[in-house]
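Indexing begins at 1, ligand by ligand and atom by atom, following the structure's order. Counting from 1, the numbers follow the sequence of the chain as shown.
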Amino acid sequence: MFSLPQFALALFFPVAFADPIHVPLTRRSSGNRDINYYISAAKHLQDKYSITGKPYSPHGKRASSVSIQTINLEEDYEYLAPVSIGTPPQSFNVILDTTLSDLWVADTSCTSCNSTTPLFAPSKSSSITSANADANIPYIAGNVTGTIAQDVVSMGNFTVQNQTFCMLTPAMMAVDHLPDGFLAGSASGIMGLAFSAVSITRSTPFWQALGSQLAAPEMAFYLTRFNGDSSAKEEEPGGVFTLGGTNSTLFTGDIEFLNMPSGTPTFWLLTMSAITVQGQSVQITAGNAALSVFDTATPVIGGPTAGVNAIWAAVPGSAAVVDYPGFFSFPCSTSVQVTLSFGGKAWPINATDMNAGPISNGSSQCFGAIIDIGLASNSSSGSGNPSWVIGDTFLKNVYSVFRANPPSIGFAQLSSVAGGSGERESSTRITLPVMMTTTMMAVMCLL
Ligand SMILES: *[C@@H]1O[C@H](CO)[C@@H](O)[C@H](O)[C@H]1NC(C)=O
Ligand SMILES: *[C@@H]1O[C@H](CO)[C@@H](O)[C@H](O)[C@H]1NC(C)=O
Ligand SMILES: *[C@@H]1O[C@H](CO)[C@@H](O)[C@H](O)[C@H]1NC(C)=O
Ligand SMILES: *[C@@H]1O[C@H](CO)[C@@H](O)[C@H](O)[C@H]1NC(C)=O
Ligand SMILES: *[C@@H]1O[C@H](CO)[C@@H](O)[C@H](O)[C@H]1NC(C)=O
Ligand SMILES: *[C@@H]1O[C@H](CO)[C@@H](O)[C@H](O)[C@H]1NC(C)=O
Ligand SMILES: *[C@@H]1O[C@H](CO)[C@@H](O)[C@H](O)[C@H]1NC(C)=O
Ligand SMILES: *[C@@H]1O[C@H](CO)[C@@H](O)[C@H](O)[C@H]1NC(C)=O
């Protein structure tokens, strides 16, 4: 099981939300391609595959969707799905991350990887094109480097023939660069599910490159809950990731779609409109300070100082945790009831998800799963950067749908098949809610 403070400190605090970081692509002396090459390559791929451009229909296949069974890693820490890369295909499990736009995979040069981690062998793929250049990327507690390549990539039964991805170098895998357990279990990399505008490799993300292969420009998640289950194994069934549409067996009632802020889509964003705690409305700052990014690869919720303070002030017996700035604790016996709204319905978070375990062995105070990330950096007004990071604490509680066109995010009640109490659907009582995850570090990798 992961340690919450260690994880979250590594994740949130070194990361600066204040200003976009410009990511340089450095050139190797042996290489003959510079940044303009990638810009033009990305343009070429965008023209070829773009969802706004002319349709791409390989082999005349009909557009479709696929539901992929995922893996729940370490009690809701990450959710993994299988991909294959290369010819012949090499198979891996990758973290589904809605705040990144690139595909990353650890390759065989990673000497510091756990010997159980499957590694991509570029030399064994007959179809790979390696650009032989490094992407230098500000990442969690420092920069990391990787080699950009193109190869055949498949997920579900969808294939992109020449997908750009990043092979992680050993430096990236160094323990001091990654939160504990980041590539734990069978995870070999990350599949980014945000938009091309924030691609570090300046390429079209896999899901966007699928273009008209997809029946609908949508991705949907049902995420399982193993938080607090002491019998949970390192890897458990993670739920269902649907690419190209939704899976109607997993939700009941309508999907309530909420439009994203206008402008070129970057991350999956909505504006927080209301929060209740223990049935009481909590005051939050509106406008830019309410901008929220949805992150399937973060197990918690992060927010600005004032809003997070107000949330915990509404829970009797709560206190700031002295040794862990930004964290709050509350009496473990308290059922913390929180709902979030993003302009529509109020979606409740199961109290199990609000409890991140005792602050020390045997303590009667438990960590709360909503953390103050304003201590690291408060988003300056008008910066366009999100103040809230809405991770799996919320996303486990809803069926979530990420729709590219029109850019919007939808929520629906989970069906009983998906662990929700679908039969109790009613307009007044919304049972269970929430869903996704991710690592929020990419939030600042704006090009
Ligand atoms: C894949 O893309 C790269 C970079 O644009 C290019 O050099 C290579 O020829 C392409 N390969 C195929 C098979 O299209
Ligand atoms: C929807 O999800 C269920 C549960 O995982 C699965 O059995 C079913 O095959 C999926 N439906 C489609 C059309 O993929
Ligand atoms: C990361 O890269 C940036 C840009 O190249 C550089 O300014 C910065 O010093 C690097 N940081 C570290 C910790 O190496
Ligand atoms: C993917 O599988 C589904 C269900 O088996 C099928 O309907 C669809 O045509 C397939 N899509 C592609 C692109 O092969
Ligand atoms: C390597 O991974 C296995 C399986 O996830 C785990 O049990 C083991 O502790 C890991 N080893 C190290 C050194 O992290
Ligand atoms: C909250 O989650 C727990 C654990 O998954 C589950 O047993 C319980 O039924 C859920 N509560 C509600 C109100 O759905
Ligand atoms: C935690 O406390 C239990 C008893 O309360 C004890 O058996 C266990 O060894 C303790 N674990 C650690 C890591 O101190
Ligand atoms: C963010 O704002 C809070 C007060 O709302 C302040 O305590 C904190 O120091 C600020 N963080 C930074 C990095 O300036």
Side-chain angles (χ1 to χ4, degrees), residues 31-33 36-49 56 58 64-72 75-76 81 85-87 125-133 147-153 156-165 201-204 209 215-216 218-232 236-251 335-339 347-355 369 392-394 396-399 413-425 429-435:
N32 58 359
R33 289 160 173 167
N36 294 317
Y37 169 81
Y38 293 103
I39 293 169
S40 97
K43 180 76 171 65
H44 170 76
L45 282 175
Q46 277 161 358
D47 290 344
K48 185 172 172 188
Y49 297 114
Y56 172 66
S64 63
S65 68
V66 63
S67 283
I68 299 166
Q69 304 294 319
T70 63
I71 295 168
N72 181 319
E75 295 173 44
D76 316 343
I85 305 175
T87 310
S125 174
S126 62
S127 48
I128 193 167
T129 310
S130 177
N132 203 26
T147 301
I148 296 170
Q150 287 86 27
D151 208 336
V152 181
V153 173
N157 56 2
F158 291 117
T159 298
V160 173
Q161 291 300 332
N162 203 19
Q163 177 65 45
T164 296
F165 64 102
T201 58
R202 297 172 186 252
S203 60
T204 304
E218 293 171 352
M219 298 177 282
F221 292 85
Y222 147 51
L223 303 176
T224 58
R225 175 185 302 111
F226 283 89
N227 173 31
D229 179 348
S230 55
S231 65
E236 292 281 0
V240 180
F241 171 58
T242 301
L243 195 49
T246 57
N247 181 325
S248 59
T249 68
L250 302 174
F251 65 94
S335 174
V336 177
Q337 306 287 341
V338 173
T339 72
W347 296 99
I349 296 172
N350 189 313
T352 304
D353 295 323
M354 288 302 303
N355 187 327
D392 298 330
T393 297
F394 175 79
K396 279 179 273 178
N397 293 275
V398 291
Y399 190 68
Q413 186 179 358
L414 290 168
S415 68
S416 49
V417 170
S421 22
E423 70 283 359
R424 277 200 283 147
E425 187 192 358
R429 166 102 173 103
I430 302 152
T431 27
L432 295 226
V434 196
M435 317 196 180

Self-check item: Atoms in ligand 6 with a heavy atom of Thr352 nearer than 4.0 Å
Solution: 1 (C), 2 (O), 3 (C)
Quiz prompt | Where ligand 6 meets Asn350 - atom numbers and elements under 4.0 angstrom, heavy-atom basis | solution = 1 (C), 2 (O), 3 (C), 8 (C), 10 (C), 11 (N), 12 (C), 14 (O)
Exercise. Go through Ser67 and Asn247 one step at a time and tell me if the side chain to side chain donor-acceptor pair (under 3.5 Å) criterion holds.
Key: CA-CA 7 Å; Ser67 283; Asn247 181 325; 3.0 Å; yes
Exercise answer, ligand 2 polar atom pairs (N/O) under 3.5 angstrom:
from     : atom 1 : to     : atom 2 : distance (Å)
ligand 2 : 2 (O)  : Asn247 : ND2    : 2.3
ligand 2 : 5 (O)  : Gln69  : NE2    : 3.0
ligand 2 : 11 (N) : Asn247 : ND2    : 2.9
ligand 2 : 14 (O) : Ser67  : OG     : 3.4

Quiz item: How long is the gap from CG on Leu223 to CG on Leu414, to the nearest 0.5 Å?
Solution: 9.0 Å
Quiz item: Quick one: does Ser415's side chain have a donor or acceptor within less than 3.5 Å of a partner on Thr249's backbone?
Solution: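 At least one qualifying donor-acceptor pair exists.
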Self-check item: Partners meeting side-chain hydrogen bond (donor to acceptor under 3.5 Å, both in side chains) with Ser231 (sequence neighbours left out)
Solution: Asp229
Quiz prompt | Residue list, side-chain contact (heavy atoms from CB on, under 4.5 Å) with Thr352, at least two apart or on another chain | solution =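 So Thr352 forms a side-chain contact (heavy atoms from CB on, under 4.5 Å) with Arg225, Asn227, Asn350.
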Quiz item: Is there a donor-acceptor contact under 3.5 Å linking the side chains of Asn72 and Thr224?
Solution: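 Yes, because at least one side-chain N or O of Asn72 sits under 3.5 Å from a partner of the opposite role on Thr224.
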Exercise. Could you pull out all residues at least two apart from Glu236 that satisfy salt bridge (Lys or Arg N to Asp or Glu O under 4.0 Å)?
Key: Lys233
